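Here the structure comes first, spelled out in structure tokens, and everything after it is commentary.
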Amino acid sequence: MGNEEKRIVMPDYSEGFRCIAGKCRHSCCIGWEIDIDEKTYEKYRTVSGPIGEKLRACICAPSDSEESLPHFILGDNERCPFLNSENLCELILGLGEDSLCEICTEHPRFYKNCSGHLEMGYGLCCEEAARLLLSHSEPVRLIGISENGGLRSEIFSLLQERTNSLDARIDDIFGLLSVSPSRAVLASDASDISHWGAFLGELERLDPAWDIEIGKLRSASLTREDLASFDAYMEKEGRAFEYENLLWYLIYRHLTDDPLIDEATLCVEFAVLSVKLLHYLGACKYKENGAFAKDEQVELARMFSSEIEYSDENVDLIYDHIFDLQESI
Ligand code: SF4
């Protein structure tokens, strides 16, 4: 069955997603190389008029030697050459949305091919996708599929058991996965925050703003009391669900719908560690300012996703690090 024929499953919170274009503070048209698929490239070669001339001047054509795909030649500050001064796309304005290449049409969607259906969602590296996830206070549900009672749905139902604390829910998930207490403690240990700051500092980084955030972790003097007071603040603000949703997203995005137990264990450990780090980063901001705005949470999640989640190399290094630490227990 081809992807076109499969029914699409997606999380309910992202149903109303729309790119905020000119209002976006971190446009995905800045800082990323944009490859152009063959079909669109051929179409662009035939466009006439000034926009056609600009297309031909701003695309690096494939050569036999190095490049395998044509791509846009980025301008100053790594801006897409078709992003105008109001951060709007000149190709959409001049030729319509249908003129976009596959990457520009699909981003920030991700897809997972499952048996019988296609799962999709919106990556957190997009600030609007992050805002939608972090504004959805009800437990996230999937649209287009009924719970199948498999391992992933059991993980989701333990994760969304809101009568328990999030730490207790994580313990229950590790219990379900038969993770030994020492291994589970490793992933949820709050005692060595600066270790994780130093580790993140060794990974490839893109944005100096992310460096500043992880620098705070390196020098963090957060105590258990600081973390408890941050948790009480988030509870009082009615925002404790944000960390549940971040965990939900990371598991949904990185785990198949019918995983083997080892696969699920590694993925859950990666997700728990990621959310712990975001929690520490939020607690640092709260300690600094006595408050932690929703926008700051959205921005931390977006940066984490761009810097870590969207870098296969960094994700692999985190998996390796988790594995090494467990071997050393
Ligand atoms: S990051 Fe998201 S909201 Fe911003 S321009 Fe890209 S798709 Fe639109």
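Nothing here was measured: the structure is a model prediction, and the numbers come from that model. Order of appearance sets the numbers: ligands from 1, and atoms from 1 within every ligand.
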Backbone N/O of Glu307 and side chain of Arg205: donor-acceptor pair under 3.5 Å: no
Parallel, tilted or perpendicular: rings of His254 and Phe270 (30°, 60°): perpendicular
Nearest-0.5 Å distance, CG of residue Leu100 to CD1 of residue Ile34: 10.0 Å
Closest approach of any protein heavy atom to atom 6 (Fe) of ligand 1, naming residue and atom: Cys28 SG, 2.3 Å
For atom 5 (S) of ligand 1, the protein heavy atom that lies nearest, with its residue and separation: Cys19 SG, 3.7 Å
Identity and distance of the protein heavy atom lying nearest atom 2 (Fe) of ligand 1: Cys126 SG, 2.4 Å
Heavy-atom nearest neighbour in the protein, as seen from atom 4 (Fe) of ligand 1, with distance rounded to 0.1 Å: Cys24 SG, 2.3 Å
Ligand-residue contact atoms, ligand 1 with Ile20, heavy atoms, under 4.0 Å: 3 (S), 8 (Fe)
Parallel, tilted or perpendicular: ring planes of Trp196 versus Phe199, cut at 30 and 60 degrees: perpendicular
Ring geometry between Phe156 and Tyr252 (parallel below 30°, tilted from 30 to 60°, perpendicular above 60°): tilted
